[in-house]
> 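There's a structure below that I have some questions on.
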Amino acid sequence: MNLNRRILACILLMGLLAAVLLIGYFQRDSVPAMGKLREEGVKKIALTFDDGPHPYYTEQLLKGLKERNVKATFFITGKNVETYPEIVKMIHEDEHLIGNHTYNHTQLTSRNQESFKQEIIRTNEIIKEVTGEDTIYVRPPYGSWNKEFERELNMFPVLWTIDPLDWCSSNVSCIVSSVCAKVGENDIILMHDQYKSTVTAALKIVDELTEQGYEFVTVDELLFD
């Protein structure tokens, strides 16, 4: 009798297991899209702007980014921070990331190591006066950098992977196609918020790449998350 009960229990258990597997089989195509999204992941990219802020174009750019719920990174010069502190406050209040771009947009050479370093220190101090926060990211003009400064200044250099040369072109379509034709996951796009054409192109790039499934993040999230 005990043996018969065991056999019956085994049969019932196997039947229950088969039913669960059968249900799972027929429901496999109705799994929410979130499951597929987790498999594929989100394609993250960073949009960055150098040389600002500009007294008019940066504000227009900020308005467009806010409408699209997009965050960017602004590498600003100390000279422009002093001249346009209210726009720097807007960048900070909109929760974009602010980075250092030296005080005078100075290129590092073998002859100006110390003065270059002092420009970075000075710009950090000016930014903190306006935003109340420390700056740990720096984009050295023209990409010239000294690795020793990372330890000395406790700062992290951020370069780029895509440069559409927007500063020398007023052709919006050309700028947009230059970026969208090359872009890939984890790319860092270099632009300059000093020109009307750049603002127009940047917002078109955001619209096009958002449709393609890209998510715009600040460089810290791209580099360290």
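Residue numbers count from 1 along this sequence. The shown structure was predicted, so the numbers you read here are calculated from the model rather than taken from an experiment.
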> Please check if the side chain of Lys71 supplies one atom and the backbone of Asp94 the other of a donor-acceptor pair under 3.5 Å.
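Present.
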> Hey, are the side chains of Lys204 and Thr200 touching, using non-hydrogen atoms and a 4.5 Å cut-off?
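Yes - at least one pair of side-chain heavy atoms lies under 4.5 Å apart.
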> Do Trp145 and Leu223 sit in one hydrophobic cluster, given that two such residues count as connected whenever their side-chain heavy atoms are within less than 4.5 Å of each other, even indirectly?
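No; Leu223 is not reachable from Trp145 via cluster members.
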> About how many Å separate CD1 of Ile127 and OG1 of Thr77, when rounded to the nearest 0.5 Å?
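One finds 9.0 Å between OG1 of Thr77 and CD1 of Ile127.
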> Return yes if a side-chain donor-acceptor contact under 3.5 Å exists between Asn112 and Ser115, otherwise no.
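Distance-only check fails for Asn112 and Ser115.
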> Compare all side-chain heavy atoms of Asp193 with those of Phe74 and state whether any distance is below 4.5 angstrom.
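Yes. Closest side-chain heavy atoms under 4.5 Å.
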> Could you measure the distance from the CD1 atom of Ile162 to the CG atom of Leu47? Nearest 0.5 Å is fine.
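Separation between the atoms: 10.5 Å.
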> Any side-chain donor-acceptor pair under 3.5 Å between Asn171 and Ser169?
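No, Ser169 and Asn171 have no side-chain donor paired with an acceptor closer than 3.5 Å.
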> Say whether, by atom type as modelled, one donor and one acceptor occur between the side chain of Lys43 and the main chain of Gln212 under 3.5 angstrom.
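Judged by distance alone, yes, a pair lies under 3.5 Å.
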> Got a donor-acceptor contact below 3.5 angstrom from the Thr161 side chain to the Ile188 backbone?
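Yes; judged by distance alone, with no hydrogens or angles, the pair exists.
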> Between Asp134 and Asn124, is any pair of side-chain heavy atoms under 4.5 Å apart?
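They are not in contact (no side-chain heavy atoms under 4.5 Å apart), so the answer is no.
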> Check whether any side-chain N or O of Glu82 sits under 3.5 Å from a backbone N or O of Ile126 as a donor-acceptor pair, and report yes or no.
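No; judged by distance alone, with no hydrogens or angles, the pair does not exist.
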> Would you compute the distance between atom OG1 of Thr58 and atom CG of Asp51 and round it to the nearest 0.5 angstrom?
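Interatomic distance, Thr58 OG1 to Asp51 CG, rounded to 0.5 Å: 10.0 Å.
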> Looking at Lys128 and Glu125, is there a salt bridge between them, counting it only when a charged N and a carboxylate O are closer than 4.0 Å?
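Lys128 and Glu125: not salt-bridged.
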> Could you pull out the closest heavy-atom pair between Ser197 and Val172, with the gap in Å?
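Heavy atoms of Ser197 and Val172 come nearest at O-CG2, 3.8 Å.
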> Kindly work out whether a path of hydrophobic side-chain contacts (I/L/V/M/F/W/Y, heavy atoms less than 4.5 Å apart) joins Ile76 to Ile136.
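Ile76 does not cluster with Ile136.
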> With a 4.5 Å cut-off on side-chain heavy atoms, are Phe149 and Pro157 touching?
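SC-SC contact between Pro157 and Phe149 ruled out.
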> Of the non-hydrogen atoms in Lys196 and Tyr57, which two are nearest, and what is the gap between them?
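Nearest heavy atoms, Lys196 then Tyr57: CB-CE2, 3.4 Å.
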> Identify whether Leu97 and Ile45 are in the same connected component of the hydrophobic contact network (ILVMFWY, side-chain heavy atoms under 4.5 Å).
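Each belongs to a different hydrophobic cluster.
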> Report the distance from atom CD of Gln113 to atom CD of Glu152, rounding to the nearest 0.5 Å.
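So the gap between those two atoms works out to 9.0 Å.
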> Kindly check if the number of other-residue, nucleotide or ligand heavy atoms within 6.0 Å of NZ (Lys79) is above 12?
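At most 12 heavy atoms, drawn from other residues, nucleotides or ligands, come within 6.0 Å of this atom.
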> List for me each residue that meets ring-ring contact (aromatic ring centres under 6.0 Å, His included) alongside Phe156, sequence neighbours excluded, and say none if there are none.
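Listed in chain order: Phe224.
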> Does the gap between the ring centers of His105 and Tyr142 come in under 6.0 Å?
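Close enough - the centres of the two rings lie under 6.0 Å apart.
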> Could you identify which residues cluster with Tyr195, counting Ile, Leu, Val, Met, Phe, Trp and Tyr as linked when any side-chain heavy atoms lie under 4.5 Å apart, either directly or through a chain of such contacts?
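When side chains under 4.5 Å apart are linked, the cluster holding Tyr195 also contains Leu165, Trp167.
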> The test is side chain to side chain contact (heavy atoms under 4.5 Å, CB included); show your working for Leu153 and Ile121 and say whether it passes.
CA-CA 8 Å; Leu153 301 172; Ile121 293 172; 3.7 Å; yes
> Within the 4.5 Å heavy-atom criterion, are Leu203 and Leu65 side-chain neighbours or not?
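A side-chain contact under 4.5 Å exists here.
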> Under 3.5 Å, side chain of Asp166 to main-chain N/O of Thr198, donor-acceptor pair present?
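The answer is no, because no donor-acceptor pair under 3.5 Å joins these two groups.
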> Say you draw a straight line from OG1 of Thr218 to CD of Glu95; how long is it, rounded to the nearest 0.5 Å?
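Thr218 OG1 to Glu95 CD: 10.0 Å, rounded to 0.5 Å.
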> How about His101 and Thr123: do any of their side-chain heavy atoms sit closer than 4.5 Å?
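In short, these two side chains do not touch, never coming nearer than 4.5 Å.
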> Flag the pair His96 / Leu62 as yes when at least one side-chain heavy-atom distance between them is below 4.5 Å, and no otherwise.
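A side-chain contact under 4.5 Å exists here.
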> If hydrophobic clusters are built by linking Ile, Leu, Val, Met, Phe, Trp and Tyr wherever their side-chain heavy atoms come under 4.5 Å apart, do Val138 and Val81 end up in the same one?
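No; Val81 is not reachable from Val138 via cluster members.
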> Identify the two heavy atoms, one from Val130 and one from Pro85, that lie closest to each other, and give their separation to 0.1 Å.
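Closest approach of Val130 to Pro85, heavy atoms only: CG1-O, 3.6 Å.
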> Quick check: closest heavy atoms across Ser144 and Phe116, and the distance to 0.1 Å?
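For Ser144 versus Phe116, the nearest heavy atoms are O-CZ, 4.2 Å.
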> Could you walk me through whether Lys147 and Glu150 pass the salt bridge (Lys or Arg N to Asp or Glu O under 4.0 Å) check?
CA-CA 6 Å; Lys147 289 284 290 182; Glu150 295 172 29; 3.4 Å; yes
> Given Arg68 and Thr210, is the side chain to side chain contact (heavy atoms under 4.5 Å, CB included) satisfied, shown in steps?
CA-CA 10 Å; Arg68 292 160 174 79; Thr210 298; over 6 Å; no
> Can you give me the closest heavy-atom contact between Leu209 and Ile189, atom names plus distance?
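So the two residues come closest at CD1-CD1, 4.5 Å.
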> Check this for me: does any side-chain nitrogen of one of Lys89 and Glu86 sit under 4.0 Å from a carboxylate oxygen of the other?
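The answer is yes: the pair qualifies as a salt bridge.
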> Quick one: OG1 on Thr73 to CG on Leu190, what's the gap to the nearest 0.5 Å?
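Interatomic distance, Thr73 OG1 to Leu190 CG, rounded to 0.5 Å: 12.0 Å.
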> When clusters are formed by joining ILVMFWY residues with side-chain heavy atoms under 4.5 Å apart, either directly or through shared neighbours, do Leu222 and Phe75 land in the same one?
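Both belong to a single hydrophobic cluster.
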> Using a distance-only test with no angle check, is there a side-chain donor-acceptor pair under 3.5 angstrom linking Arg139 and Thr48?
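Their side chains do contain a donor-acceptor pair, which is all the 3.5 Å distance test asks for.
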> Checking side chain to side chain contact (heavy atoms under 4.5 Å, CB included) for the pair Glu133/Ile98: CA distance, chi angles, key distance, verdict?
CA-CA 10 Å; Glu133 295 188 2; Ile98 293 177; over 6 Å; no
> What are the two closest non-hydrogen atoms of Gly143 and Leu159, and how far apart are they?
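Gly143 and Leu159 have their closest heavy atoms at CA-CD2, 3.9 Å.
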> Any salt bridge between Glu114 and Lys117, counting N to O under 4.0 Å?
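Counted as a salt bridge, because a side-chain N and a carboxylate O are separated by less than 4.0 Å.
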